[in-house]
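Down below is the structure, laid out as structure tokens.
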Amino acid sequence: PLHGSGDDKVYEHLFLAMYRVYRYYAYQTNWFRYQPEKDWGEHGQSSDSTRAIIKADTDKIQISDHDHYLHLSPSGVPSLLGGLFAPDLEKGHALVSSVRTVLFMTLSSYLAEMTGERKYADIASLGANCIKNWMLDPTTQLIKDCVIDAQTTQERSGAYLSCHLTGITIEGFTVLASVTGEDNWRTLAIEVAKAAMCYEPWHSPEGILTLGKDRATSENTNDKTFKGLLNRGLMVAYERNRSNEPFCNMVRCYINVQFNALYELSRLQSAYGMDWRGPYAGPHGHAQIAAFDTIVAAIGVSED
């Protein structure tokens, strides 16, 4: 991802929190609920390295339980409330990170559903609006990996469209819609999902995800390792929109294309390759991560 100060550690911590949420949903045991709530508290309330922007008034933005005096967005500019920030220690600015914001919004949406507590739904709604206003590319309807200076409200150079952040956002918007009953998030999740499935630069002519195809097979990059998260996000949207038959058929067909390519063209026994178009080119760990999310998604959309 693009980095604010210390972004690697926070990025990994939030990803770990998400997998702890999945563990709770798999086992439905309250003991597994404690750690994701603790993770949320560290990033939503008390951490010095990253906090969610939760409140603003005429002269300051309050970031969690600490006040940071920053210039507010100019009149008519969408609010950055709900964004997760990292301090730029060199310039003294707060940088709002799309990586952190997307993960935190999705984590908050799940915790709202798991616990029924309003505080999680409130911060998830703020985060979702921040993503919609600042991180959703209006041309493609996909999510950008970007960093925004909270003082100047300017996006820093180097932003790019992110497949895995798009998948996580689809997941977060979908869960948020289930929690709040606000169909605007469901509608937006479906729009983003359709855009992702149809975005030609990410796919071969046959519709197979090809992210990372121009890099060495052994090279571990976000676009390669986490491309399966798009399929996971689509699976969640499928499971929670079963009454929308045309959309579900589209998702099922799309994920089946990815799975069939992975299984038939890029597999050697129980190991999977990085390029799903084949041929198989080695059992790299990041290839197995991408394959795992895709296999789980294929199971999730399989017809009974």
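Model, not experiment: these values are computed from the prediction.
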With no hydrogens and no angle check, do the side chains of R240 and S178 hold a donor and an acceptor under 3.5 Å apart?
-> yes

Taking the six-membered ring for Trp and the single ring otherwise, decide whether the centroids of Y110 and Y25 are under 6.0 Å apart.
-> yes

Should the pair H164 and F226 be assigned to parallel (<30°), tilted (30 to 60°) or perpendicular (>60°) ring geometry?
-> tilted

For Q35 and D39, does a side-chain donor sit closer than 3.5 Å to a side-chain acceptor?
-> yes

What closest approach, in Å, do V236 and T174 show between heavy atoms, and which atom pair accounts for it?
-> O-CG2, 3.9 Å

Check for a donor-acceptor pair, side chain of R100 on one end and backbone N or O of L14 on the other, with a separation under 3.5 Å.
-> no

For the pair Y120 and W40, name the ring-plane relationship: parallel under 30°, tilted 30 to 60°, perpendicular over 60°.
-> perpendicular

State, without any angle test, whether T140 and D137 hold a side-chain donor-acceptor pair at a distance under 3.5 Å.
-> yes

Shortest non-hydrogen pair, N231 vs I255, comes out as O-CD1, 3.7 Å

Y27 and F32 aromatic ring geometry - parallel, tilted or perpendicular at 30°/60° bounds | tilted

Without hydrogens or angle criteria, can the side chains of Y263 and Q258 be said to hold a donor-acceptor pair below 3.5 Å?
-> no

Taking all non-hydrogen atoms of both residues, which atom of A121 and which atom of V179 are closest, and how far apart?
-> CB-CG1, 4.2 Å

Donor-acceptor contact below 3.5 Å, side chain T166 vs main chain L142 = no

